[in-house]
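For ligands, and for the atoms within them, numbers begin at 1 and follow the listed sequence.
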Amino acid sequence: MLLSKPIAIVTHSRSIITISNFIHSNFYPLKRFLQPSSFIKLFLFFGCLCHVNAIVAQSAMINVSSRHTTNLNGQWKAILDPTGIGTWRQIWKEAKPVKKTDFVEYSFEGGPLLHVPADFNTQLPELTYMEGTVWYKKTFNYTLPKGKRLFLHFGAINYVADVYLNGNLLGSHEGGFTPFQFEITTALREGENTIIVRANNQRLKDGLPGTGYDWFNYGGITRDVNLIETDHSFIEDYFIQLKKHSSTEVLGWVKLNGTKPSQQIQVNIPELKVNYKTTSNAEGKAEIKFSSKFKLWSPEKPVLYKVHIQCETDTVVDDIGFRNIEVKGNKIVLNGKPIFLKGVNIHEENPIRAAKAFSESDALVLLTWAKELGCNLVRLAHYPHNEYMVKLAEKMGLMVWDELPVYQHIEFATPGVADKMNLMLREMIRRDRNRCGVVIWSLSNETYSFTPNRDKALVELSKQCKQLDSTRLTTMVINNQGYTNNTFNVTDTLYRYVDVLSLNEYIGWYVPWQGKPQDAKWKFVCDKPVIISEFGGEALYGSNYGPKDEAAYWSEEYQEQIYKDQTTMFRTTPNLSGVCPWILFDYRSLGRMHPLYQNGWNRKGLLSDRGEKKKAWYIMKKYYDSISNE
Ligand code: GCU
């Protein structure tokens with residue numbers, strides 16, 4: 001039929017053939033519309049796409065591990081879709097041939113299996129550098145008791161996710177590092193149910209991050225997947241932390257979701273004999289206000305209490321610590337005492353496995369290294385890491401710096417970008433605001449001051465952050481300070497809108513010293529605590545290819561000298577309240593292309609990708625051991 005007509009786009013004849021056969025076999029009703037004008041076909045193709053992005057995922061309920069869950073981790077069936085044609089094929093419909101002449105050019109049966117949670121790039125050689133679409137399928141049986149509700153919860157999917165249940169779109173989510181969920185109570189079937197996920201990690205110009213970043217773009221269903229059963233009304237969210245500037249008063253709230261919003265609420269801390277009772281209002285919200293003699297959480301004593309939050313139809317239990325973090329003048333103060341933040345940067349990667357980190361055991365490897373270095377803080381760069389990381393850090397007495405992937409070039413003036421920033425901010429704070437270990441919300445990293453609308457958008461974001469949580473410190477990491485005559489001139493006015501002045505400087509690596517480190521001078525746009533949030537240089541562990549005093553040979557000695565100079569400068573840097581070397585361990589970044597020294601790895605680690613200590617490690621450890629916060 002269509003095939004016989006040698007239409008203009010003969011070069012594409014093969015594809016025309018394919019498309020019309022495809023249409024014939026799968027979308028007969030549509031056929032009569034698809035006269036051979038490619039424009040119509042394109043219009044329909046994009047029609048499908050628009051339909052896909054209509055329904056936005058719900059904000060996820062918090063504290064999943066304390067809920068009635070059915071875990072869906074494990075092997076998922078997959079279809080690799082590098083061209084992205086799967087959306088047009090409507091893979092979620094899982095079409096099957098009906099007549100003898102029918103055929104379907106995709107199927108999950110007989111295809112590859114992918115492990116969830118994990119990135120897909122390290123699971124199949126053909127996915128190594130994949131930045132595109134992979135379709136996942138998982139089936140489950142579930143009998144939902146009468147009056148109960150069921151949710152499908154994802155810890156994170158990088159980057160855009162479309163989620164289908166039994167062939168119908170539940171909705172979509174954009175953002176690779178925060179949780180989201182869908183209520184499936186009414187969509188559930190008796191017997192077998194089928195979840196299909198389209199996970200796409202293509203870089204988006206108006207994405208967060210944008211198209212350029214110095215880490216590996218691991219795609220896929222990268223964190224836990226759970227079914228969560230609740231009663232008709234449940235405890236959706238809560239905030240149980242000390243009031244700002246207080247070491248005894250808790251000021252928070254509980255939020256119910258459901259048909260019975262107004263209920264008796266209790267917050268019990270058996271260890272402290274706290275038994276607080278109140279009632280939620282018609283919106284399901286209840287203020288929580290009580291005092292107690294807390295042993296305050298600190299890196300030396302990471303005390304956590306079992307807190308039971310109850311309403312008539314739900315109970316969740318959380319391990320919560322209580323501490324106070326604030327700025328006094330140009331000092332950071334924890335529980336009333338000035339503290340020096342001994343930090344280290346970490347990417348969400350397990351270098352030993354050369355893959356994305358996602359589990360508690362991954363977190364234990366990375367955080368144990370940080371403790372060994374003498375750290376009391378970890379900067380989780382440049383995006384919210386998985387919950388295991390944040391919870392374990394808190395348990396191990398490591399303060400946490402949470403950050404949004406508002407990284408370098410961001411299209412702040414493009415419609416929708418501000419909403420995306422706001423959504424990610426809300427999702428990050430919602431998940432982690434009961435983690436007393438989290439002391440800093442970092443809103444951006446190295447954004448370009450000349451980008452249109454940058455200042456306005458980030459000032460607005462910092463205000464929203466304070467509205468969502470005023471108990472923690474805020475910062476924006478900037479690296480546009482001047483450095484002339486061994487003098488740093490820190491001028492960015494954005495610093496006026498945050499609590500802590502964080503800056504990245506790579507003197508000794510990207511920029512040569514202009515004088516003795518101990519003589520470096522500083523001018524700051526405002527008198528606030530200063531954190532040097534990145535510094536360092538590269539070295540290939542054991543590199544012995546050339547003169548030690550030349551950068552081009554990636555020697556450990558060259559990196560060691562950078563650390564000697566930096567830690568010397570720190571002793572004379574005014575307002576310095578913390579430092580954070582870039583970075584704890586070598587990590588994958590495809591832009592690092594020197595075949596001998598880098599081979600797709602950023603080699604600024606103090607540890608190699610096998611956890612071997614470079615010479616600079618000992619300089620940093622000695623510096624941290626020399627600083628007491630007692
Ligand atoms: C930047 C940036 C990091 C990057 C580092 C580097 O400062 O924030 O993400 O990896 O420099 O160049 O290694």
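The aromatic ring centroids of His347 and Tyr383 lie less than 6.0 Å from each other.
Shown are Tyr506, Trp509, Tyr563; of these, the ring-ring contact (aromatic ring centres under 6.0 Å, His included) with Phe535 is made only by Tyr563.
Atom 5 (C) of ligand 1 has Tyr506 OH, 3.5 Å as its closest protein atom, hydrogens excluded (heavy atom only). Counting only heavy atoms of the protein, atom 2 (C) of ligand 1 lies nearest to Glu534 OE1, 3.3 Å. Looking only at protein heavy atoms, the nearest one to atom 4 (C) of ligand 1 is Asp214 OD2, 3.2 Å.
Pairs of residues two or more places apart, or lying in two chains, that qualify as salt bridge (Lys or Arg N to Asp or Glu O under 4.0 Å) and include a residue from residues 566-591 are Asp586-Arg603, Asp586-Lys614.
Only the side chain of Trp582 comes within contact range of ligand 1, with a heavy atom under 4.0 Å; no backbone atom does. Of the heavy atoms in Trp509, none comes closer than 4.0 Å to ligand 1.
Heavy atoms of Asn479 come nearer than 4.0 angstrom to ligand 1 in no pair at all. Residue-ligand proximity: Phe535 is placed with every non-hydrogen atom at 4.0 Å or more from ligand 1. Residue contacts with ligand 1 leave out His347, since none of its heavy atoms falls under 4.0 Å from the ligand. The closest approach between any non-hydrogen atom of Tyr510 and ligand 1 is below 4.0 Å.
Contact of the Thr222 side chain with the Ile157 side chain is not registered, since no non-hydrogen atoms from C-beta on lie closer than 4.5 Å. Side-chain contact between Val197 and Phe154 is present, with heavy atoms from C-beta onward closer than 4.5 Å. Counting heavy atoms from C-beta on, the side chains of Glu446 and Asn504 come closer than 4.5 Å.
Considering only non-hydrogen atoms, atom 13 (O) of ligand 1 lies nearest to Lys604 out of Gln408, Lys604, Arg603, Glu446.
With sequence neighbours excluded, the residues forming a ring pair (Phe, Tyr, Trp, His ring centres under 6.0 Å) with Phe488 are Tyr483, Trp522, listed by chain and number.
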